[in-house]
Every structure is written in structure tokens, then in C-alpha cells.
Amino acid sequence: MMKIATWNVNSLRVRLPQVLDWLGQERPDVLALQETKVSDADFPEKSLQAAGYHVLYSGQPAYNGVALLSLVPPTEVQIGLPGLDDPQRRFLAASYAAPDLPGGAIRVVNLYVPNGQEVGGEKYVYKLHWLSLLTDWLREELSPRACPGTPSLVMLGDYNIAPEDRDVHDPVAWRGSVAVSEPERAAFQGLLGLGLADAFRLFEQEPRSFSWWDYRSVAFRRNLGLRIDHILVSRPLVDCCVACRIDKGPRALPRPSDHAPVVTELSRNRDSATAD
DNA sequence: ATGGTGGTCCTACCA
């Protein structure tokens, strides 16, 4: 069984004790972090390595930043969306040995999709452009080249898109807003159209399941949130996906991130997952 | 009620 998770931590330095606690409790094989908000020189490499994890990171001061933590060493590291010369650190991909999964390896793509700020604004245009380049890149990545068959790929992170109205606490109030607008949702559907599945929706879930709650207006206590953090899996992994859940625990801690971790479990044979 | 909170870095900007 392989456990893979994503968590927008909104500053890794502030959240490091929570991340270390959570790694100890959950022991994910791979954890993708977003909004690390730390330059590479200041990345807290040693304490994460002491917890047993290999680390990859692409950061910058104050904004953005992505990292991958893993129990086994990474290979084929890709920093930044290929073809986009961008100072904003939002994309990090690596491959990991996964003897239990089709192909014997898994490609993990960690995304911090631009927020977009306001529909129609400059940052919104950048968001849609970024998603368009991501889609072009993914199309190539999923097409079988030298290796036969579709690769085992997980693309996860903070997409800053709530794909459907059921992913929004108040769809009427949010209609047309950033994270919910039709062009953003169309871009998300475009990614699914290339052969990915939203792991969370492979399973029955509680209504009003969200992964982000605004810090303001005691939104978490009132469960006024959005589901914008996603784990998408390629076709060969759909049959391996045995669970996907949002862990609201860390969001309830003092001084939390505004996002909760999302976790999936993958196993070659669904039926053997519980016996594993 | 057109606000509110939080992180970064120290003044606004971003989410």
C-alpha cells in the first residue's frame, strides 16, 4: 500500500511542528507541500530528513513554493512547468519506485495553481494561461512514448478550483467568483479529459466536504469552505485507488494552515488493501 | 455589515 498526500501549509516554517507531527502519525510515502513560503537556502531540510524523509523543494522568499517529501529517494526531478520561464515556484515533479503499482514506479506532480485573485484581472489571465500550459504538458506526459502503456501518475496539490457546486459551501454566493468560474472549471475538466480521475470522487463522501476554509468569520467552525485541493490519478491507478479522504484534524489545531491535508491510498489489488 | 484573519517582511501584497 502506498499513501500519498497533499497539504498547502501556508508557510512551512510556521507549520513545521504540525507537519512533523502529521508525518509521524500518518507516515505517508509521499507528501506534497504547497505555499512553503521559504527560500531554498532556508528550507528546513534537516528536521524533515531526521523524520526519515527525502526532500525536494523549489521555493522563493515570502510567496508560493512547493516541496516533495518521500520515504524512498526521488528520480527524474522536474522543477518548474516545462516551457514556462516563471519566477513563481509552483511546479515540482519526481518519480518514485512503487513495486506494488503498475509499471513499478509512480510519477508525482505537485502543483500550486495560481489563485487568480479576481475574475478578469491580470492574475486570473495568468492562472488560465498557466492551466493551459499545464494541460499541454500533461497531454505529452500521459502519451505512451518509449514505455508501453499509460504511466502511473498522480497530479496533486492546491488547484485553487472548486470543480462542482457540491465543492462550494454556498454556490449561489460564489457563482462566477474566482475558483468557481466556468473557465477555471473547464480547465479542470480538461485535465480530467486527458484521462485523470478525481480520487476523492471515486468514493462515497460526506456532503459538504471541503479542504480550505477562510481564516475569517470563523469559517472552519461553521464549515464554510471550498474543496480546492485535489489528487488526480491516471487510468492505471484508478483501479489501485482504495481510499481518499480529507484530514480535517490539522485545520482544527491552534495556529493552523487554512487548508487541510488530502490523502489517498493506492494498492495494486483493491481487495488486498485491508489485509496488507 | 463590502468587513473579517493570517503570513511575509516592515509596507503593502497575497491569499
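A note on names: the letters A, B, ... follow the listed sequences, proteins ahead of strands, and every chain is numbered from 1. What's counted below: heavy atoms across the whole structure, side chains too, no hydrogens, waters or symmetry copies.
Note on A:V233 and A:L101: same hydrophobic cluster, where clusters join Ile, Leu, Val, Met, Phe, Trp and Tyr whose side-chain heavy atoms are under 4.5 Å apart, directly or indirectly.
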Quick one: do A:R245 and A:E26 satisfy salt bridge (charged side-chain N to carboxylate O under 4.0 Å, His left out)? Show the steps, please. CA-CA 13 Å; A:R245 63 181 185 276; A:E26 291 287 331; 3.0 Å; yes
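Applying the side chain to side chain donor-acceptor pair (under 3.5 Å) rule to A:Q49 yields no partners; only residues at least two apart in sequence or on another chain are considered.
A side-chain hydrogen bond (donor to acceptor under 3.5 Å, both in side chains) with A:D167 is found for one member of A:R201, A:H230, A:R185, A:R208 and no other, namely A:R201. The side-chain hydrogen bond (donor to acceptor under 3.5 Å, both in side chains) test with A:S211 singles out one residue from A:D258, A:D229, A:N8, and that residue is A:D229.
Taking the P atom of each, B:dT5 and B:dC10 are spaced 24 Å apart, rounded to whole Å. On the C1' atoms, B:dC9 is 13 Å away from B:dC14, given to the nearest whole Å. A distance of about 13 Å separates the C1' atoms of B:dA15 and B:dG4, rounded to the whole Å. Distance noted for atom P between B:dG7 and B:dG3: 22 Å (whole Å).
Protein chain A contacts DNA chain B over a range whose 5' and 3' limits, counting nucleotides with an atom under 4.0 angstrom from a non-hydrogen atom, are B:dG4 to B:dA15.
No donor-acceptor contact under 3.5 angstrom links the side chains of A:E35 and A:N64, judged on distance only.
Both A:E35 and A:S11 sit near DNA chain B, but only A:S11 has its closest nucleotide nearer the 5' end. Heavy-atom nearest nucleotides on DNA chain B were determined for A:N115 and for A:R216, and the one closer to the 5' end corresponds to A:R216.
Here A:Y112 lies in heavy-atom contact (under 4.0 Å) with sugar-phosphate atoms only.
Between the side chain of A:K127 and the backbone N or O of A:N160 there is at least one donor-acceptor pair closer than 3.5 Å. In this structure, A:S267 contributes its side chain and A:M1 its backbone to no donor-acceptor pair below 3.5 Å.
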Both atom distances under 3.5 Å, Watson-Crick or G-U wobble: I'd like the secondary structure of DNA chain B as a dot-bracket string, with | for pairs made across strands. ....((((...))))
